[in-house]
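Presented below is the structure to which this report refers.
We use all heavy atoms of the structure for the numbers below, so side chains are in, but hydrogens, waters and symmetry mates are not.
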Amino acid sequence: MPLDWDKLRVFHAVAEAGSFTHAGETLNLSQSAVSRQIQALEEALAVPLFHRHARGLILTEPGETLFRTVREVFAKLAMTEALLTEGRERPAGRLKITSTLGFGNTWLAPRLHRFIELYPDVSVTLLLDDSDLDLAMREADVAIRMHAPKQPDLIQRHLTSFGYKVCAAPAYLKRFGVPQRAEELDAHRLIVWGEYRPPVDQVNWLADAGRRPGAPRRAAVEVNSATGMLRAVQSGLGIAALPDYMGRELDGLLVVLPELKPPRLDAYFVYPEEMRHSKRVSVFRDFIVAELASGTGESTRARVV
């Protein structure tokens, strides 16, 4: 017996929502109609798809198997629909962009107005997350990542390499003094990435600077956001290595230990193979490349001390 597409659509919505009621709101169906569709699908397959309990629904093992397949199919259909309906003359439609919180907040978001002015028929959704969204499953259309993609079916373009500046607020340095050598950081309050850090090599390199291998200095504060680290430094809390893509966000801070050789932060433009011929993707890629090349807004008045 062939599977019914309408029932699979309802199943997908229920599995995503975790309840008949919330799925019904998404599908504009009553809770009872959703329940009947799921019951009919279970009868057709002769297996239970959900465990029912007071707090909601949990997929059974057969339900998990079906959900993985249905999720992939619907993601591919959504991607195909977007490509087929894209404007013929001008880029048009929705473009879902993901990037890290730090880069997205301080570099990308302030530039999106220029992209929208160039391509007013493109509707942008910006998803900021330091973990990698699954582009193959259509969680986003394109990504700007600070590391090379690990999935083999993604197209990547190396955009540029960023550096770091070791920064502190003037009030902090007035109180605690200016470190002249990396070893002197032992006497300072360091702000570093915490447990939930991005998948970037040597992201906490400052904790190792001037120390013997395998013995990083203890941080005063751990933060799981580059923007949060910036705000903590601006408040006078301590010293941190901040990416230089933050540009003018670093204005008012002082740069210490400029002789240190930090690792480079490599940025990549990433998208799935299915989006290779998308006009929205190509014009956004060209926009990002042009913005990086122009260095618009990159100047900073952070002084070296």
- Item | Arg218 side, atom CZ; Arg189 side, atom CZ - distance, nearest 0.5 Å | 11.5 Å

- Query: Is the gap between the ring centers of His188 and Tyr172 under 6.0 Å?
  - Reply: yes

- Message: Donor-acceptor check, side chain of Asn204 to backbone of Val192, threshold 3.5 angstrom: yes or no?
- Response: no

- The reported gap from OH in Tyr271 to CZ in Arg276 (rounded to nearest 0.5 angstrom) is 6.0 Å

- Task: Quick one: do Leu242 and Leu253 satisfy side-chain contact (heavy atoms from CB on, under 4.5 Å)? Show the steps, please.
- Result: CA-CA 11 Å; Leu242 298 172; Leu253 299 179; 4.2 Å; yes

- Query: For Arg264, does the CZ atom sit with more than 12 other heavy atoms under 6.0 Å from it, leaving out its own atoms?
  - Reply: yes

- Apart from Leu133 itself, what residues make up its hydrophobic cluster, given side-chain heavy atom links below 4.5 Å? Leu127

Under 3.5 Å donor-acceptor pairs involving side-chain atoms of residues 11-29, not counting sequence neighbours:
| residue | atom | partner | partner atom | Å |
| --- | --- | --- | --- | --- |
| Ser19 | OG | His22 | N | 3.0 |
| Ser19 | OG | His22 | ND1 | 3.2 |
| Thr26 | OG1 | His22 | O | 3.2 |

- Query: Yes or no on side-chain contact (heavy atoms from CB on, under 4.5 Å) for Glu274 and Arg138, after CA distance, side-chain angles and deciding distance?
  - Reply: CA-CA 10 Å; Glu274 291 90 340; Arg138 200 74 199 291; over 6 Å; no

- Query: Are the charged groups of Lys150 and Asp132 less than 4.0 angstrom apart, N to O?
  - Reply: no

- Would you say Glu61 has more than 12 foreign heavy atoms packed within less than 6.0 Å of its CD? no

- Query: Can you list the residues that meet the side-chain hydrogen bond (donor to acceptor under 3.5 Å, both in side chains) rule with Arg9, with sequence neighbours excluded?
  - Reply: none

- Message: Testing the basics here: between Leu265 and Pro243, what is the closest heavy-atom pair and its distance to 0.1 Å?
- Response: CD2-CB, 4.1 Å

- Query: Does Arg280 reach the main-chain N or O of Arg94 with its side chain, forming a donor-acceptor pair under 3.5 Å?
  - Reply: yes

- Item | Where Ile191 and Gly238 come nearest, the two heavy atoms and their spacing | CD1-N, 3.7 Å

- Other residues, nucleotides, ligands: >12 heavy atoms within 6.0 Å of Arg52 CZ: yes

- Query: Have His147 and Asp266 got a donor and an acceptor in their side chains that come within less than 3.5 Å?
  - Reply: no

- Minimum heavy-atom distance Gln234-Arg231, with the two atoms named: OE1-NH1, 2.9 Å

- Name of the residue among Val256, Asp244, Val255 meeting side chain to side chain contact (heavy atoms under 4.5 Å, CB included) with Cys167: Val255

- Query: Checking Glu139 side chain against Asp134 main chain: does a donor-acceptor pair fall under 3.5 Å?
  - Reply: yes

- Note on the structure: Rounded to the nearest 0.5 Å, the CE atom of Met275 sits from the CG atom of Leu135 at a distance of 10.0 Å

- Heavy atoms only: give me the nearest Leu41-Leu49 pair and the separation to one decimal. CD2-CD1, 3.7 Å

- Decide yes or no for Asp129 and Thr100: does some side-chain heavy atom of the first lie under 4.5 Å from some side-chain heavy atom of the second? no

